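This report refers to the structure that appears directly beneath it.
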Amino acid sequence: MKQVEISTGKSYKVLIGNGILSDSGRLIAEVSHAKTAAIVTDDIVNLLYADTLEASLKSAGFNTVKFVFPNGEGSKNINTYSDMLEFMAENRLTRSDLIVALGGGVTGDMAGFTAATYLRGIDFVQIPTTLLAMVDSSVGGKTAIDLNAGKNLAGAFYQPSLVIVDTDTLSSLKPETFADGMAETIKYGVLFDRDFFDFLLNENAKNSLEETVEKCVCFKRDTVNADENDRGIRGLLNLGHTAGHAIEKCSGYSISHGSAVAIGMVIIARGAYKSGLVKKDITPNIIEILEKYNLPTQTDYTADELFKAAGSDKKCDGGKITLIIPETVGKCRLYKTEFNEFYDILKKGLK
Ligand code: GLY
């Protein structure tokens, strides 16, 4: 089992291994004295992994209760959040009890926000079961729900007590859901590490899942340790996300987050180069690696449609927007600019 230590305001471990879900009760007991563990999961993951988790928690001495919601981004709203809070109260969870999020990013974000706010904060553990949640959303304490105006618009920074990554759970993912996580994985290569990028390009990440997840978690650790509350360099993790979120929004969220981020990385790389913001055009490198992992690299939405949709993005601040500009593979920079320049970059980046 691999172990990565996160040293934010609250320190915790990310444990990564094959088959460790069945040992999760014991691992959780090392960080929690809760009597009751409330499992939060969606209806798909419930059928796959909740029994293993529940049995393991029980054998470690926890009482368990379980909240199951319909899978998908459509559930990540104030109604499910409210139902979750009521569920915790009905089951009389106390401040010394625990929420365990079992599932992908939607589950982790919502369960984390519930943990952050129920009784003004109770402990929670993340057990991500998608690649995207393993390499990104389960680590770093961003918790949220969506509002009608956009994604993740209500939330809190609230760190888990432990993250347990069982890479065996990736075997049940649909290929397109695995590819989604690869978009965020590739993002780390573009942001921080040419060698990692080349490794992903020349090898198959599926053959080295523990190492790949560990590497990504280390990049995430370094970023959130330096900027837990996302006031500076944590913003780099949004590479491809401004255009990406706009694509997701334009599609009514039928285009997945990973696919949208993949296209968003191409748009910003090409747009930055054509706008003279960087010397080197790395668009072909990005397209090559995305295609290898069956990710899309273009969209039919126009610059006008995407620009309008980007208006509610959290990265907009007083008429300005912060973009992440890839200078070369393995090095990016934050670039705060006017909205009209963003429109230009977007337009140039589309083709
Ligand atoms: N998912 C980006 C971040 O955690 O900051």
Side-chain angles (χ1 to χ4, degrees), residues 4 6-12 14 73 76 101 103-113 115-116 124 126 128 130-146 150-160 163 165 177 180-193 212-249 253 256-265 268 310 313-317 321-326 332-336:
V4 181
I6 312 292
S7 308
T8 40
K10 172 179 176 179
S11 294
Y12 56 97
V14 181
E73 188 76 30
K76 196 174 148 184
V106 168
T107 303
D109 283 9
M110 260 198 311
F113 189 42
F124 85 114
Q126 290 267 24
T130 64
L131 183 61
L132 191 145
M134 290 176 186
V135 301
D136 183 28
S137 61
S138 67
V139 179
K142 278 193 179 173
T143 73
I145 56 168
D146 300 338
K151 279 184 71 169
N152 298 328
L153 292 185
F157 288 98
Y158 194 70
Q159 304 293 341
V163 182
V165 176
T177 313
D180 249 3
M182 280 311 302
E184 296 283 358
T185 303
I186 290 164
K187 181 190 80 177
Y188 287 112
V190 179
L191 278 174
F192 301 122
D193 193 335
T212 300
V213 172
E214 183 192 24
K215 190 87 186 163
C216 294
V217 171
C218 288
F219 290 127
K220 182 107 194 214
R221 171 202 61 199
D222 294 345
T223 315
V224 301
N225 282 0
D227 179 23
E228 178 175 0
N229 291 326
D230 203 6
R231 303 277 179 219
I233 68 148
R234 185 165 178 172
L236 288 172
L237 299 178
N238 289 319
L239 172 64
H241 281 57
T242 305
H245 281 158
I247 291 166
E248 279 183 275
K249 198 168 176 198
Y253 298 99
S256 68
H257 180 68
S259 292
V261 166
I263 301 166
M265 285 194 281
I268 193 66
D313 198 285
K314 292 194 297 311
K315 292 172 287 304
C316 308
D317 182 10
I321 186 159
T322 302
L323 303 175
I324 296 85
I325 305 289
C332 296
R333 71 171 193 270
L334 295 167
Y335 179 63
K336 195 164 184 164

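Owing to the predicted nature of the structure, the values given are computational and were not obtained by experimental measurement. FYI, the numbering just counts along the sequence from 1. Start at 1 and go down the list; that is how both ligands and their atoms are numbered.
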How close do Thr185 and Cys216 get, counting heavy atoms only, and between which atoms? CG2-SG, 3.6 Å
What is the closest protein heavy atom to atom 4 (O) of ligand 1, and at what distance does it sit? Lys220 NZ, 2.6 Å
Pairing donors with acceptors under 3.5 angstrom, does anything connect the side chains of His241 and Glu248? no
Please list, in number order, the atoms of ligand 1 under 4.0 Å from a heavy atom of Leu237. 2 (C), 3 (C), 5 (O)
Heavy atoms only: give me the nearest Thr322-Lys336 pair and the separation to one decimal. OG1-CG, 3.9 Å
Closest approach of Ser259 and Asp180, non-hydrogen atoms and distance? N-OD1, 3.2 Å
Among all protein heavy atoms, pick out the one at the shortest distance from atom 2 (C) of ligand 1; state its residue, atom name and that distance to 0.1 Å. Asp136 OD1, 3.8 Å
Decide whether an N or O pair under 3.5 Å exists between Lys142 and ligand 1. yes
Candidate list Lys10, Gln159, Arg234, test side-chain hydrogen bond (donor to acceptor under 3.5 Å, both in side chains), partner Glu228, passing option: Gln159
Among protein heavy atoms, which lies nearest atom 5 (O) of ligand 1, and at what distance? Arg234 NE, 2.7 Å
